[in-house]
Amino acid sequence: MWSNLPFELLANIFSYLSPDSLARAKSACKSWHTCANNSPSWATLPWRQYPPWFLALPTRNHGHFICARNPINDSWHLLPLDFIPNPIRPIAAVNGLILLRETTTTSLQLAICNPFTRQFRHLPKLNVTRTNPAVGVISLDSANFQVYVAGGMSEASSVGGGASYEPSLEVYDSVHENWKTIGSMPMEFAVRLTVWTPNESVYCNGILYWITSARAYTVMGFEIRNKNWRELGVPMADRLEFAALVERNGKLCLVGGTSDTGACIWQLEESNNWRMIEKVPQELWAKLFGGKGRWGSINTRCVCIGGTMCLYRDLGSGMLVWRECAENGTKWEWHWIEGCGTIKGVHLQNFPIKGLLLHPYLASSNFLLNE
């Protein structure tokens, strides 16, 4: 019976499998492998009910690999990145893929990969060569996305002028596969996006947000539709030792804290005022930074997707997870997840990481084949 199932019915069955179960199904026979690789239906349907995987990517020269945590069976896996030709740093996850920047050049060169299918391609070069601009990502649907690049330092002029801040914004559309300059920005914003903004953006309700990386923290937003820039204050802006923006349930949230007072989560209301909606349990917060005081607090990072939010420091220190209850979607609970010290008996050195949450995409991507 299984060998005679119509392709469409088999693809629908596959859509209900978790990523690890689908990977095992793909290895059963050639026809199942072909179905799983070429059917787009499973990428957008019920498999998203499963928790996302946490991907830990080294932020420095600690190896060319990813440590990936499978939440279904609480196991860690090592994903080699030897299919990527040059050293890279991760920027963001989008549609099961990872946006990267190459580190072999000071000017921004972006690329994208799928670590599970080992596919990789470069994005086209920007219209304006830039160093250290802010980068933001927007998912348009399950297959398409946009990349925004703002600010940065332009190249020195060939007639003798020095490098200068670039007060313009470019967008890459994966549908058209090209860059387009779409507007300008106040020079003050260009400077701050270049000097004080990490490549960690959040898209929420038509606005792409970045937060400055130096105290006092502020938030800068770009309204996609009317191309206006805005600035928002931050609660405890001059006291927070770490601060991060995330999108949760369609709302912009700020996660921040200090080693003394703990960490809190604020939500931006329609009045553009911040309202505190949660305080991290003190015993879990203390466990996260392991008695390292302010040094442990300032190295805290946060990432969120769907009903899962993670606070982490490095690969081995463990992480705090705030997630929706399976039985009651309106209630969120805190959990402690142990860090990664060994994978299949191999001891791993602890190192700083960039954490990403994504749902593994195991089908071949036409976009990644079109370079």
Side-chain angles (χ1 to χ4, degrees), residues 54-60 62 67 69 76 89-90 92 192 195-202 209-220 231-248 251-268 273-305 308-323 332-341 348-357:
F54 180 83
L55 271 56
L57 292 86
T59 56
R60 299 172 188 168
H62 291 281
C67 296
R69 178 181 176 270
W76 287 88
R89 285 188 181 174
R192 289 160 61 191
V195 178
W196 297 116
T197 305
N199 287 322
E200 297 178 358
S201 66
V202 174
Y209 294 97
W210 290 274
I211 188 169
T212 59
S213 59
R215 293 185 293 176
Y217 291 101
T218 59
V219 174
M220 288 171 286
E231 183 176 3
L232 297 172
V234 170
M236 299 175 57
D238 58 347
R239 288 178 288 161
L240 294 177
E241 293 168 3
F242 90 96
L245 294 177
V246 295
E247 186 270 339
R248 171 183 173 271
K251 298 286 188 178
L252 182 69
C253 290
L254 171 76
V255 184
T258 70
S259 56
D260 296 327
T261 62
C264 298
I265 302 172
W266 293 269
Q267 180 175 288
L268 186 66
N273 293 320
W274 296 97
R275 176 175 66 88
M276 190 175 76
I277 60 173
E278 180 71 7
K279 186 172 177 63
V280 178
Q282 189 61 38
E283 65 276 12
L284 292 179
W285 176 242
K287 188 175 183 179
L288 178 64
F289 61 81
K292 296 184 182 295
R294 183 174 181 271
W295 178 250
S297 178
I298 61 176
N299 286 288
T300 302
R301 303 289 183 264
C302 184
V303 62
C304 181
I305 182 175
T308 302
M309 181 185 298
C310 294
L311 282 83
Y312 64 92
R313 288 181 48 242
D314 48 44
L315 182 66
S317 296
M319 58 184 166
L320 296 178
V321 177
W322 192 38
R323 62 188 178 211
W332 287 51
E333 293 182 345
W334 288 98
H335 301 267
W336 174 258
I337 304 296
E338 294 295 338
C340 179
L348 295 177
Q349 170 188 0
N350 192 21
F351 49 77
I353 60 171
K354 163 80 171 182
L356 301 173
L357 287 172

Q: Mind checking the CH2-CG spacing from Trp336 to Leu320? Nearest 0.5 Å is all I need.
A: 5.5 Å

Q | Interatomic distance, Met220 atom CE to Ile211 atom CD1 [nearest 0.5 angstrom] | A | 9.0 Å

(Q) Within this structure, what is the SG-CG distance for the pair Cys340 and Leu348, rounded to the nearest 0.5 Å? (A) 5.0 Å

Q: Answer whether the closest heavy-atom distance between the side chains of Ser259 and Glu241 falls below 4.5 Å.
A: yes

Q | Side-chain heavy atoms of Tyr209 within contact of Leu232, under 4.5 Å | A | yes

(Q) With a 3.5 Å distance limit and no angle check, can you tell me whether Ser213 reaches the backbone of Trp196 through a side-chain donor-acceptor pair? (A) yes

Q. How long is the gap from OH on Tyr312 to CG on Leu288, to the nearest 0.5 Å?
A. 11.0 Å

Q. Hey, does Leu268 have a side-chain heavy atom less than 4.5 Å from the side chain of Val219?
A. no

Q | Flag side-chain contact, heavy atom, 4.5 Å: Ile277 against Trp266 | A | no

Q) Taking C-beta and beyond as the side chain, do Ile353 and Phe54 meet within less than 4.5 Å on heavy atoms? A) yes

Q: Write down the atom of Pro58, the atom of Pro90, and the distance for their closest heavy-atom approach.
A: O-CD, 4.3 Å

Q: Compare every heavy atom of Cys304 with every heavy atom of Met309, then report the nearest pair and how far apart it is.
A: CB-SG, 4.0 Å

(Q) Is there a side-chain contact between Leu254 and Leu245 in this structure, where contact means two heavy atoms from C-beta onward sitting under 4.5 Å apart? (A) yes

**Q.** Residue list, ring pair (Phe, Tyr, Trp, His ring centres under 6.0 Å) with Trp334, at least two apart or on another chain
**A.** Trp322

Q: Kindly give the heavy-atom pair with the smallest separation between Gly262 and Gln282, and that separation in Å.
A: CA-OE1, 3.8 Å

Q.
Run the side chain to side chain contact (heavy atoms under 4.5 Å, CB included) test on Lys354 and Arg89 for me, step by step, so that the C-alpha distance in whole Å, both residues' side-chain angles and the decisive distance to 0.1 Å come before the verdict.
A. CA-CA 9 Å; Lys354 163 80 171 182; Arg89 285 188 181 174; over 6 Å; no

Q: Calculate, to the nearest 0.5 Å, the distance between atoms CD and CE belonging to Glu338 and Met319 respectively.
A: 10.0 Å

Q | Pair Glu283, Trp285: side-chain N/O donor-acceptor within cut-off below 3.5 Å | A | no

Q.
Could you walk me through whether Glu278 and Arg248 satisfy the side chain to side chain contact (heavy atoms under 4.5 Å, CB included) test, starting with their C-alpha distance in whole Å, then the side-chain angles of each, then the deciding distance to 0.1 Å, before giving a yes or no?
A. CA-CA 12 Å; Glu278 180 71 7; Arg248 171 183 173 271; over 6 Å; no

Q: State the OG1-CZ distance between Thr261 and Arg239, to the nearest 0.5 angstrom.
A: 7.5 Å

Q) So, for Cys253 and Trp274, which heavy atoms are closest and what is the spacing to 0.1 Å? A) C-CZ3, 4.1 Å

Q | Backbone N/O of Phe351 and side chain of Asp314: donor-acceptor pair under 3.5 Å | A | no

Q.
If you apply the rule side chain to side chain contact (heavy atoms under 4.5 Å, CB included), what do you find for Leu311 with Phe242, and how did you get there?
A. CA-CA 11 Å; Leu311 282 83; Phe242 90 96; 4.1 Å; yes

Q. Can you tell me if Arg192 and Thr218 form a side-chain donor-acceptor pair at under 3.5 Å?
A. yes

Q: Find out whether Asn299 and Pro352 are in side-chain contact, i.e. whether some heavy atom of one side chain is under 4.5 Å from a heavy atom of the other.
A: no

Q. With sequence neighbours left out, what residues match Arg275 under side-chain hydrogen bond (donor to acceptor under 3.5 Å, both in side chains)?
A. Glu269

Q. What do the steps show when you test Leu356 against Leu57 for side chain to side chain contact (heavy atoms under 4.5 Å, CB included), and what is the final call?
A. CA-CA 8 Å; Leu356 301 173; Leu57 292 86; 3.8 Å; yes

Q. At their closest point, which heavy atom of Leu240 faces which heavy atom of Gly256, and how far apart are they?
A. CD2-C, 3.8 Å

Q.
How close do Gly339 and Trp76 get, counting heavy atoms only, and between which atoms?
A. O-NE1, 4.2 Å

